[in-house]
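Before any comments, here is the structure.
Numbering of residues begins at 1 and proceeds along the displayed sequence. Fair warning: this is a prediction, and the values are worked out from it, not measured in the lab.
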Amino acid sequence: MHVSDILKELNPQQKEAVTTTEGQLLIIAGAGTGKTTVIARRIAYIIEKKLAKPAEILALTFTDKASEEMDRRVDILVPYGFNDTWISTFHAFGDRVLRDNALEIGLNPVFRVLTKPEQILFIKQNLFDFDLKYFKPLSNPYKFVEAALSLVSRAKDEDLTPDQYMTYAKSLKDKEEHQLQLELANFFAKYEELKRKAGLADFSDQINLVLDLFRERSKVLETYQNKFRYILIDEYQDTNYAQNELVKLLAAKHKNICVVGDDDQSIYKFRGAAISNIMEFKKTYPKAVQVVLTKNYRSTQAILDTAYKLISHNNPDRLEIKNNINKKLISERKALGQKPKVIFGAT
């Protein structure tokens, strides 16, 4: 496919997002503005312009479904047999890096990743190896297992190590809180130790152990920094702190990083997502170019206006206010459409 075909039927903002290839780029893509089209065409454009080989492009998404869709679209756009771009979820990328370099950090190369139920079972099977008092009540010794694991997972999302958590626990002045947090810090440390001995990992490890690997083995980091000339992150508003640190490390050499997201679509705070990543992208990269996609191809104007009125209640904590931009979506559909109705239900 030629460059002219790649840019065909794109609106001016989409075209700018596709053709701005060098340096840092923040694409603020409202709902229904053709975000996946832009990402796929941007990858195809970089390949067509010979700015990088497909294997030198890394695109990270959040779900298998999103990565499969992106892969499929890129496949259609680039010549047959040329698509060996690294398009995957964050966790699949981390898993691949870890398996290729496991021995560098003393990890069994054939490690197995535990699912959430397997994690709980693993703790229950090893419960007496943990020095728990408060978190192992006699009436129900397994009562707090899930909650303790959630805390460990959240700590890892924030890029905290057991040692750092221990330092925090020891610094607490309140006696009861000090004891509780100390017990959790010990739980965290013991869980990591037992897991490593058993040749196991959990989902958070697929990010955190890669961070450890890159920080402890500069040669390995250098290999991946040299490899990926272009890095693209989808749904950037849903990244957590640890994932963002990983991205920053990978992009440190070529500095060609493009992030796509929309703060108004951030729904995963309960799962550790740090909306501050997208809010502060321009602070991290002051020279970043910003492209706002506002042409909506999905909904009628009546729906878009109602949604905008509702989301504006989040002001001033929105990119629209912070970055002084206009994010009001304009429908490409001619009909205004029915106005949404508010429905009150008894249940």
Side-chain angles (χ1 to χ4, degrees), residues 62 90-91 94-95 98 102 105-108 111-216 238-246 248-249 266-277:
F62 271 81
F90 266 95
H91 291 92
D95 195 78
L98 282 178
I105 48 168
L107 193 64
N108 185 337
F111 68 88
R112 191 167 69 82
V113 180
L114 295 168
T115 62
K116 190 75 190 277
E118 286 173 333
Q119 274 180 286
I120 295 166
L121 188 63
F122 178 71
I123 298 294
K124 286 180 175 180
Q125 287 167 341
N126 294 280
L127 195 64
F128 294 99
D129 289 326
F130 293 89
D131 185 21
L132 298 174
K133 294 178 181 69
Y134 179 85
F135 290 103
K136 195 176 70 178
L138 286 172
S139 58
N140 182 3
Y142 304 132
K143 186 179 179 181
F144 295 112
V145 168
E146 205 166 338
L149 276 171
S150 292
L151 180 124
V152 167
S153 175
R154 185 56 58 88
K156 288 158 115 179
D157 287 348
E158 295 295 324
D159 192 22
L160 287 172
T161 64
D163 287 346
Q164 287 168 323
Y165 199 94
M166 182 65 77
T167 303
Y168 157 73
K170 285 177 177 172
S171 73
L172 294 169
K173 300 284 180 274
D174 182 87
K175 200 178 173 188
E176 191 179 351
E177 187 62 18
H178 172 83
Q179 284 304 117
L180 290 182
Q181 294 300 333
L182 210 56
E183 197 165 301
L184 283 168
N186 282 316
F187 173 89
F188 187 1
K190 194 69 186 173
Y191 169 65
E192 294 301 305
E193 182 198 322
L194 290 170
K195 194 156 46 75
R196 187 66 74 94
K197 271 185 190 166
L200 300 168
D202 59 29
F203 284 115
S204 300
D205 289 331
Q206 292 175 317
I207 306 298
N208 292 79
L209 289 179
V210 178
L211 272 173
D212 289 348
L213 172 72
F214 286 167
R215 286 165 179 164
E216 291 168 21
D238 293 331
T239 51
N240 61 40
Y241 182 80
Q243 287 165 335
N244 198 39
E245 288 302 296
L246 181 61
K248 286 199 284 193
L249 277 177
S266 175
I267 57 169
Y268 286 123
K269 193 171 182 189
F270 71 93
R271 219 171 60 181
I275 195 169
S276 56
N277 292 343

Nearest-0.5 Å distance, [atom1] of residue [X] to [atom2] of residue [Y]:
| X | Y | atom1 | atom2 | result |
| --- | --- | --- | --- | --- |
| D212 | T161 | CG | OG1 | 8.5 Å |
| L182 | Y165 | CG | OH | 10.5 Å |
| F203 | Q119 | CZ | CD | 8.0 Å |
| E245 | N208 | CD | CG | 11.0 Å |
| L149 | F144 | CG | CZ | 13.5 Å |
| D205 | D202 | CG | CG | 4.0 Å |

Which pair of heavy atoms, one from [X] and one from [Y], lies closest together, and at what distance?
| X | Y | answer |
| --- | --- | --- |
| N126 | F122 | ND2-O, 2.7 Å |
| A148 | L184 | CB-CD2, 4.2 Å |
| S204 | D157 | OG-OD1, 4.3 Å |
| K190 | D129 | CE-O, 3.4 Å |

*asked:* Looking at Y168, I'd like to know if the NZ or CZ of K170 sits under 6.0 Å from its six-membered ring centre while staying within 45 degrees of the ring's axis.
replied: no
*With no hydrogens and no angle check, do the side chains of E183 and Q179 hold a donor and an acceptor under 3.5 Å apart?*
no
*How about N277 and N244: does a side-chain donor come under 3.5 Å of a side-chain acceptor?*
yes
*Got a salt bridge between E193 and K197, using NZ or NE/NH1/NH2 to carboxylate O under 4.0 Å?*
yes
*Counting only N and O atoms by type, is there a donor-acceptor contact under 3.5 Å from the side chain of H178 to the main-chain atoms of A169?*
yes
*Does the E192 side chain pair with the main chain of A189, one donor and one acceptor, at a distance under 3.5 Å?*
no
*asked:* Is there a side-chain contact (heavy atoms from CB on, under 4.5 Å) between H91 and Q243? Walk through the geometry before answering.
replied: CA-CA 10 Å; H91 291 92; Q243 287 165 335; 4.0 Å; yes
*Are any of the side-chain heavy atoms of K156 and I207 separated by less than 4.5 Å?*
no
*Is any side-chain heavy atom of T239 closer than 4.5 Å to a side-chain heavy atom of F90?*
yes
*Test salt bridge (Lys or Arg N to Asp or Glu O under 4.0 Å) applied to K124 and E146, step by step*: CA-CA 10 Å; K124 286 180 175 180; E146 205 166 338; over 6 Å; no
